[in-house]
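Below you'll find the structure, written out as structure tokens, and then a few comments.
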Protein chains: 2
Amino acid sequence: MTFGKYIRTAREKRFKEDRAYSVRQVAQRVGVEPSYLSKIERDQVAPPSEAAIGRLARELGEDPDLLLAMAGKVSSDVQDIILRRPQLFAELLRQLKDAPDQAIEEVAREIRDGDW
Amino acid sequence: MTFGKYIRTAREKRFKEDRAYSVRQVAQRVGVEPSYLSKIERDQVAPPSEAAIGRLARELGEDPDLLLAMAGKVSSDVQDIILRRPQLFAELLRQLKDAPDQAIEEVAREIRDGDW
DNA sequence: AATTGTGTGTACTATGTAGTACACATGACA
DNA sequence: TGTCATGTGTACTACATAGTACACACAATT
């Protein structure tokens with residue numbers, strides 16, 4: 001599933017029940033030109049900027065991290081976390097590369113429960 | 001410490017003991033124009049591409065992850081790891097944001113010792 | 001039958017990225 | 001004293017990013 005198709009599907013789903021989710025109206029609320037959103041949805045142009053993706057996600061009730069990933073981007077707040085301790089986090093992530101989802105969730109839970 | 005100053009310092013350190021570490025020669029081995037490397041070292045231009053930073057790191061015996069971070073970039077192999085499971089890793093990293101280095105190292109070690 | 005809403009095609013633009021090419025000035029040195 | 005290595009200034013370029021502006025065609029509405 002491409003970024004564009006995903007957005008189109010998500011918007012059309014909402015459009016079916018609420019006429020306020022036309023290309024034009026969504027574009028206006030998101031702050032881009034309708035023709036641009038149209039092109040985005042048909043993958044005729046590259047996905048928009050992180051900021052625009054964030055506004056789209058909010059508008060359509062989708063997960064920003066997922067949308068960004070479909071656009072091939074990592075959210076800048078996550079990037080900043082890595083940039084502060086690049087060696088540490090790079091090593092950790094390479095270590096976790098092939099770990100099952102469950103193991104990663106467990107690690108996150110351990111940390112959240114603050115056992116340090 | 002900026003990217004440029006760091007590179008200049010690292011290169012000059014090697015130059016003092018080995019004449020092969022002049023701007024010109026390093027530039028040639030790294031595959032960029034000498035004037036470009038000169039500008040990079042004086043922070044007169046933005047840091048080079050990830051690929052060029054990688055070659056510089058190898059040439060000067062520096063850590064690529066550290067150099068990339070000074071350039072404000074996260075290495076693309078680490079990005080790719082995140083992009084495969086964006087929600088999972090984004091959550092984990094936000095969780096680990098303020099964790100002490102030691103805790104992160106410990107997590108990495110646990111994973112490395114394969115307890116999953 | 002005229003208006004409104006719908007998506008889209010075409011053309012254009014500003015800024016950023018990642019450099020190259022070449023000339024120049026200075027100091028070492030043989 | 002001419003040549004060589006050293007770093008650097010200036011000018012230019014190709015491509016990517018992130019869009020805008022406006023016109024057009026079609027369908028539904030009133």
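In what follows, every chain begins at residue 1, and chains take the letters A, B, ... in the order their sequences are listed.
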(request) Look at R94(B) together with D65(A) and state whether they make a salt bridge at an N to O cut-off of under 4.0 Å. (result) yes

(message) Any salt bridge linking E105(B) with R112(B)? Criterion: basic side-chain nitrogen under 4.0 Å from a carboxylate oxygen.
(response) no

DNA chain C contacts made by [range], counting heavy atoms under 4.0 Å:
range	answer
residues 4-18 of chain B	none
residues 19-44 of chain B	G31(B), V32(B), E33(B), S35(B), Y36(B), K39(B)
residues 49-58 of chain B	S49(B), A52(B)

Solution key, residues 30-40 of chain A side-chain donor-acceptor pairs under 3.5 Å, sequence neighbours excluded:
| residue | atom | partner | partner atom | Å |
| --- | --- | --- | --- | --- |
| S38(A) | OG | R42(A) | NE | 3.3 |
| S38(A) | OG | R42(A) | NH2 | 2.9 |

Which value, rounded to the nearest 0.5 Å, describes the distance between [X] atom [atom1] and [Y] atom [atom2]?
X	Y	atom1	atom2	answer
L92(B)	E110(A)	CG	CD	10.5 Å
R29(B)	Q25(B)	CZ	CD	5.5 Å
S76(A)	I81(A)	OG	CD1	10.0 Å

(request) Answer yes if the side chains of E12(A) and Y21(A) hold a donor-acceptor pair under 3.5 Å, and no otherwise. (result) no

(request) Indicate, with yes or no, if V74(A) and L68(B) share a hydrophobic cluster defined by side-chain heavy-atom contacts under 4.5 Å among Ile, Leu, Val, Met, Phe, Trp and Tyr. (result) no

(request) Step through the shown structure and confirm whether more than 12 heavy atoms of other residues, nucleotides or ligands are within 6.0 Å of CD on Q28(A). (result) no

(request) Could you walk me through whether I7(B) and L60(B) pass side chain to side chain contact (heavy atoms under 4.5 Å, CB included), step by step? (result) CA-CA 8 Å; I7(B) 295 293; L60(B) 299 177; 4.1 Å; yes

(request) For the pair D80(B) and L83(B), evaluate side chain to side chain contact (heavy atoms under 4.5 Å, CB included) and give the outcome as yes or no after the intermediate values. (result) CA-CA 5 Å; D80(B) 288 344; L83(B) 291 179; 4.1 Å; yes

(message) Let's go through K73(B) and E50(B) carefully: what are the C-alpha distance in whole Å and the side-chain angles of both, what is the deciding distance for salt bridge (charged side-chain N to carboxylate O under 4.0 Å, His left out) to 0.1 Å, and is it a yes or a no?
(response) CA-CA 8 Å; K73(B) 305 181 199 230; E50(B) 176 173 355; over 6 Å; no

(request) Evaluate the criterion side chain to side chain contact (heavy atoms under 4.5 Å, CB included) for residue pair K97(B) and D77(A); output intermediate values, then yes/no. (result) CA-CA 10 Å; K97(B) 183 182 174 189; D77(A) 74 301; over 6 Å; no

(request) Kindly say whether A10(B) contributes a backbone atom to a donor-acceptor pair with the side chain of R14(B) at under 3.5 angstrom? (result) yes

(request) To the nearest 10°, let me know how far the axis at one end of the helix from dA1(C)-dT30(D) to dA30(C)-dT1(D) is tilted from the axis at the other, five pairs an end. (result) 10°

(request) Could you walk me through whether F89(B) and L96(A) pass the side chain to side chain contact (heavy atoms under 4.5 Å, CB included) test, one step at a time? (result) CA-CA 9 Å; F89(B) 281 119; L96(A) 286 173; 3.9 Å; yes

(message) Of all nucleotides in DNA chain C that come within under 4.0 Å of a heavy atom of chain B, which is furthest toward the 5' end and which toward the 3' end?
(response) dA18(C) to dC22(C)

